[in-house]
Amino acid sequence: MSEESTGLGGSDSARSEPRIGPESLHGSNPTPPQLENGDGWSADPLLVSGCDAYVDGEYLYQDYVYDDHGADTRSVLDQPPDGHTLGGFYSRATGDYRYPTDPDTYAFNAADLLEFRARPSENGVTYRITLNTMVDPEAAAVAIGIDTGDGDGRTDWGYGLGELGASVDHRLVTWGTGAEFDGEPLDSDRVSVDVRRNQIEVEVPLDPGEETWRHYAVVGLWNDEQESFQEIAVDADRAVPGGRKSGQSPPPVFNVGFRFEEPIQRNIDLGELLPRLAMIIANAPMEVLQQLDDPAQLLGTLGDAPELFDIDNPLKLFNPLDTPLGISGLIDVAERLLPLNDIEGIPRVIGVGNWQEHGQSTALANRDISQYHADIDFGKLQDGVEERNTPDSGFVSYLYPSRYDFGEGVDPYANVLEGRIQPYAAYIPEDVEEPAPMVTMLHSLGNCYTQYPVYMPSLVEALAEHTGGVVFMPQTRSPGIWYKEKAELDVFEAWRDLETHIDIDRNRVSVAGYSMGGFGAIIMATKNPDLFGRCFGVVGPPAEDPLKAPTNNMIATPSILMNELLGGEGGGRLFSIFTEKPENALRLTENLRHVPLLLWHGGADPLVPLLGPTNYARRLRSHGYRHQIDVFPTVDHFSLAVRDRWDRGPEYLADTETPDHPDRVTYRRVPEFDYPELDIRHDSAYWVTDIEVREGHSSGLVDATSLADGYADPEPEQYTTTGTQPMAYTGTGIRWDESESVRAPTNTVELTLEGVSEVTLWIEAVELDPRAELTLEIDSNIGTTVVLRGSFGSHEVAVDAGESTLVVPPLA
């Protein structure tokens, strides 16, 4: 392993402190093929979605990624169309198109526009289109409409596109290996395709001079036999896309360019919608109810619809077994009872902007994309004007280039975004002071990087207001990898990219999340305590396996359920809420010595039963670690999100301060939580690094204390509190008081080791003096090697099992 991959960086003589965080958090961004420039192109990509610029004589537009869902064909009450898609009910796209199921041609992402460029050329105007995925150069078709202002345009672009509502004077259509301009084939030397770069270049014989021409761009799939865009069928098969409803004729367009203002907002008040749906069910005619499996039982369950809901808990609808039916179950029943046209005012989707394509989808449904255009000023291009239209504040959708190549497109079976270009978002307050604090917000199961501005906008705003910093929202490549492997990699790669846009104060970074995101907040802080100074977890289970947390690791869910019947990422037969190797934060609670936690849980939560979180809090209490667990007695899994009130939570994170190198470090390494193929090893914290676990041991524990400044363990104090904000709760926890007995400073390290075959200590990071004798007081259950590191280089000390005191001569 090279020095770069160990995270040490530089030569032994050049460093006195370790580098904090995994390799993916450091270094410069790569340049994957999609971001490369061929002959004639020089501008760097924007990598800010929904934005454009004039740079180096080129016009650039940066689109969103994985936003290729086509037209809106159904309401939220409709069953989704057959075919593969990404995510779950709460991250459902507005568009309803499904790709053909041949992955070797379409990779479930073939019509996803990444970037559009234009520049004047010697023989006309050259356009460059970059697709997010290009497995087969003839899979996708791109149409560019040009309005020169002559007023003689057409809104039916032909090629099977039909009416698009955008009047154009010229039409350029390319399918990678060929192109036509105004219905006539272009010479082959005017068309080129680069499958490695996913780029298509087409030159058209036009001379705009210094005029401003309006441009439109749409992307769909190509039907070579028909020489047109591939029509959308009802159901997808290996060669034909699906998603339309019978009787509809939506345009065969998956992705529209030049969308500078995609809406993103909370679309409806679930507390108002769900009682309406209950009324629909309760008032349905008997002949309609008889379509259900057991109408008598349903009627007995419903009773009087207005009494179905507790005003403080509007998401609860109980069946005779007192089991929550939930939002999706309630909507499913309502959809089966009444046709869409009989339900006025029902929204098309619950969340607007889940994948940043709501405006596109509604425009396509209305066959009018005229609002999505770019007025390209060729005078600016000739004059070399520099103009970047990218936001400095507010909600920003970024793209980052990954160092890892997992393939192209989407793997809907594992529910993973495979491509090199990945999305994430950040909320940046106006006039933010740099270096800025940062809250890392991790999304829930089945959700995506826009979850919080869509469903919990008050939370995002409150976090920014109280911390004075950036709210960072990674996609993590999937709606459900549970913040390990590729998901954890994504957090750090996106974080690294965010720091190319804004200076982040790494001593004031915290982590938070809801549901699976709450688990993610706990597990990320536990594995990386030197990166996250505080943690705020809301209704998150402490273990991915639903049985391990409540049973203190004594009972696990049978593998036949976790891997075979329910399936999981990596080859399970059916996608489920679990992954193949469930992780468990209870195994690593020792690591949270310097990470205070605030945990919120509902007393009536059927998805995360209270026994699991309270068991986790019991572990923290046994260590004497700072935390507070608040139990809201009447709250279920969704109520806090629906209310979107977060009193105390953002304020808690406002006090985040991650210590550089605390005098005492406790860290347990579990090798099975490492991902060496991704250069992620959870083997270090602060000034204690490169922990190696002896073969045959499932984990290794290091507890190291520097006495350079003297030391006193804080005094843990247990407390109980109550309150009413944001709802009535009872809280219990541990706070720290300063100890009155402080030990005298000495050039000494105290070290307790369990199952550790080797560990590295960066002694200068905690003010230990390498020019003087260093005393090591060690208690290890096995023979081990202690490596001392610093500006002097490295020095190995062999240690026998048992208790020992070793004196190391001056090292510098």
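What you are looking at is a predicted structure, and each value in this text was computed from that prediction instead of being measured.
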Point to revise | Thr658 side chain vs Gly533 backbone, donor-acceptor pair below 3.5 Å | key: yes
Check your understanding: Do Leu588 and Arg669 come within less than 4.5 Å of each other through their side chains, counting heavy atoms only?
Key -> no
Exercise for review: Under the salt bridge (charged side-chain N to carboxylate O under 4.0 Å, His left out) rule, what do Arg477 and Glu485 come out as? Steps first, then yes or no, please.
Suggested key: CA-CA 10 Å; Arg477 284 188 177 264; Glu485 298 171 341; over 6 Å; no
Practice item. Give a yes or no on whether the backbone of Glu692 and the side-chain of Asp683 come within a donor-acceptor separation of less than 3.5 Å. Key: no
Review point. Which is it for Leu701 and Val756 under the side chain to side chain contact (heavy atoms under 4.5 Å, CB included) test, yes or no, and what are the steps along the way?
Key: CA-CA 7 Å; Leu701 179 68; Val756 174; 5.7 Å; no
Check your understanding: Do other residues, nucleotides or ligands put more than 12 heavy atoms under 6.0 Å from the CD atom of Glu677?
Key -> yes
Revision key, fill the gap. Output for pair (Thr689 OG1, Arg681 CZ), nearest 0.5 Å, gives 10.5 Å
Review point. Within 45 degrees of the axis of the six-membered ring of Tyr675 and under 6.0 Å from its centre: does Lys484 put its NZ or CZ there?
Key: no
Point to revise | Full working for side chain to side chain contact (heavy atoms under 4.5 Å, CB included) between Trp646 and Leu459 | key: CA-CA 6 Å; Trp646 306 96; Leu459 174 57; 3.3 Å; yes
Point to revise | pair Val432-Ser393: side-chain heavy atoms closer than 4.5 Å | key: no
Exercise for review: Have a look at Leu768 and tell me which of Val749, Leu707, Thr746 forms a side-chain contact (heavy atoms from CB on, under 4.5 Å) with it.
Suggested key: Val749
Practice item. Nearest 0.5 Å please: distance from the CG atom of Leu442 over to the CD atom of Gln475. Key: 11.5 Å
Exercise for review: Evaluate the ring planes of Tyr514 and His637, with Trp represented by its six-membered ring, and classify them as parallel (under 30°), tilted (30 to 60°) or perpendicular (over 60°).
Suggested key: perpendicular
Exercise for review: Starting from the C-alpha separation in whole Å, work towards a yes-or-no answer on ring-ring contact (aromatic ring centres under 6.0 Å, His included) for Phe395 and Tyr427.
Suggested key: CA-CA 4 Å; Phe395 179 82; Tyr427 182 82; 7.8 Å; no
Practice item. Tell me, yes or no, whether the heavy-atom count around Asp737 atom CG, taken from other residues, nucleotides or ligands under 6.0 Å, exceeds 12. Key: yes
Check your understanding: Do Asp709 and Glu767 come within less than 4.5 Å of each other through their side chains, counting heavy atoms only?
Key -> yes
Practice item. Look up atom CG in Leu620 and atom CG in Leu599, then write down how far apart they are to the nearest 0.5 Å. Key: 7.0 Å
Practice item. Check whether NZ of the Lys or CZ of the Arg Arg534 lies under 6.0 Å from the centre of the six-membered ring of Tyr652 and within 45 degrees of that ring's axis. Key: yes
Point to revise | Crowding at CD, Glu715 (>12 non-hydrogen neighbours, <6.0 Å) | key: yes
**Study point:** Arg668/Ser699 under side chain to side chain donor-acceptor pair (under 3.5 Å): CA gap, chis, key distance, verdict
**Key:** CA-CA 7 Å; Arg668 180 177 295 278; Ser699 67; 2.8 Å; yes
Exercise for review: Measure centre to centre between the rings of Tyr424 and Tyr449, then say whether the value is under 6.0 Å.
Suggested key: no
Review point. Can Gln451 and Ser444 be said to form a side chain to side chain donor-acceptor pair (under 3.5 Å), step by step?
Key: CA-CA 8 Å; Gln451 173 189 1; Ser444 303; 2.8 Å; yes
Review point. Between Arg506 and Phe532, is NZ or CZ placed under 6.0 angstrom from the six-membered ring centre and within 45° of the ring axis?
Key: no
Exercise for review: Using distance alone, with no hydrogens and no angle criterion, decide if Asp713 and Tyr711 have a side-chain donor and acceptor under 3.5 Å apart.
Suggested key: yes
Practice item. Consider only side-chain N and O atoms of Ser16 and Trp762, and report whether a donor and an acceptor are under 3.5 Å apart. Key: no
Check your understanding: So is Arg648 actually on top of Phe536's ring, under 6.0 Å and inside 45° of the axis?
Key -> no
Check your understanding: Under 4.5 Å between any side-chain heavy atoms of Met727 and Leu640, yes or no?
Key -> yes
Review point. Between Arg621 (side chain) and Thr732 (backbone), is there a donor-acceptor pair under 3.5 Å?
Key: no
Practice item. Tell me whether the centres of the aromatic rings in Tyr625 and His623 are closer together than 6.0 Å. Key: yes
Exercise for review: Compare all side-chain heavy atoms of Tyr483 with those of Met516 and state whether any distance is below 4.5 angstrom.
Suggested key: yes
Review point. Do Asn781 and Leu753 have side chains that get closer than 4.5 Å, going by heavy atoms?
Key: no
Practice item. Could you tell me whether the side chain of Tyr400 and the main chain of Arg496 form a donor-acceptor pair under 3.5 Å? Key: no
**Study point:** Side chain proximity check, Tyr667 to Glu590, heavy atoms < 4.5 angstrom
**Key:** no
Review point. Has Glu434 got more than 12 heavy atoms of other residues, nucleotides or ligands less than 6.0 Å from its CD?
Key: yes
Practice item. Kindly say whether Val608 contributes a backbone atom to a donor-acceptor pair with the side chain of Asp605 at under 3.5 angstrom? Key: yes
Practice item. Taking Ser639 for its side chain and Val635 for its backbone only, find out whether a donor-acceptor pair lies under 3.5 Å. Key: no
Exercise for review: For Asp703 and Thr666, run side chain to side chain donor-acceptor pair (under 3.5 Å): C-alpha distance rounded to whole Å, both residues' side-chain angles, the deciding distance at 0.1 Å, then the answer.
Suggested key: CA-CA 4 Å; Asp703 190 358; Thr666 306; 3.1 Å; yes
**Study point:** Arg587 side chain to Asn584 side chain, donor-acceptor N/O pair below 3.5 angstrom
**Key:** no
Point to revise | Test log, rule side chain to side chain contact (heavy atoms under 4.5 Å, CB included), inputs Thr476 and Val491 | key: CA-CA 6 Å; Thr476 64; Val491 172; 3.8 Å; yes
Study note, to complete from the structure: Between Ile734 and Gly624 the two heavy atoms that sit nearest each other are CG2-O, 3.8 Å
Study note, to complete from the structure: Minimal heavy-atom distance between Thr614 and Leu611, with the atoms involved, is OG1-O, 3.1 Å
Review point. Between Trp736 and His594, what is the ring plane arrangement, given parallel below 30°, perpendicular above 60°, and tilted in between?
Key: perpendicular
Review point. Just by distance, do the side chain of Tyr686 and the backbone of Pro529 share a donor-acceptor pair under 3.5 Å?
Key: yes
Check your understanding: Just checking, is any N or O donor in the side chain of His661 or Glu764 under 3.5 Å from an acceptor N or O on the other one?
Key -> no
**Study point:** Tyr452 (side chain) donor-acceptor with Met473 (main chain) under 3.5 angstrom
**Key:** no
**Study point:** N/O donor-acceptor pair under 3.5 Å between Asp644 side chain and Ser458 backbone
**Key:** yes
Point to revise | Candidate pair Val759 and Val787, rule side chain to side chain contact (heavy atoms under 4.5 Å, CB included), full reasoning | key: CA-CA 6 Å; Val759 62; Val787 181; over 6 Å; no
**Study point:** Glu717, CD atom: more than 12 neighbouring heavy atoms under 6.0 Å
**Key:** yes
Review point. Going through the checks in order, is the salt bridge (charged side-chain N to carboxylate O under 4.0 Å, His left out) test met by Arg694 and Glu754?
Key: CA-CA 9 Å; Arg694 175 68 57 84; Glu754 296 177 6; over 6 Å; no
Check your understanding: Is it true that Lys527 and Glu488 have a side-chain N and a carboxylate O under 4.0 angstrom from each other?
Key -> yes
**Study point:** Minimal non-hydrogen separation, Val595 against Leu597, with atom names
**Key:** O-CD1, 2.9 Å
Review point. Has the side chain of Asn447 got a donor or acceptor atom that lies under 3.5 Å from a matching backbone atom of His443?
Key: no
**Study point:** Heavy-atom check, side chain of Thr589 versus side chain of Tyr616, under 4.5 Å
**Key:** yes
Practice item. Using the ring of Tyr719 (Phe, Tyr or Trp, six-membered ring only), decide whether Arg735 places NZ or CZ under 6.0 Å from its centre and within 45 degrees of its axis. Key: yes
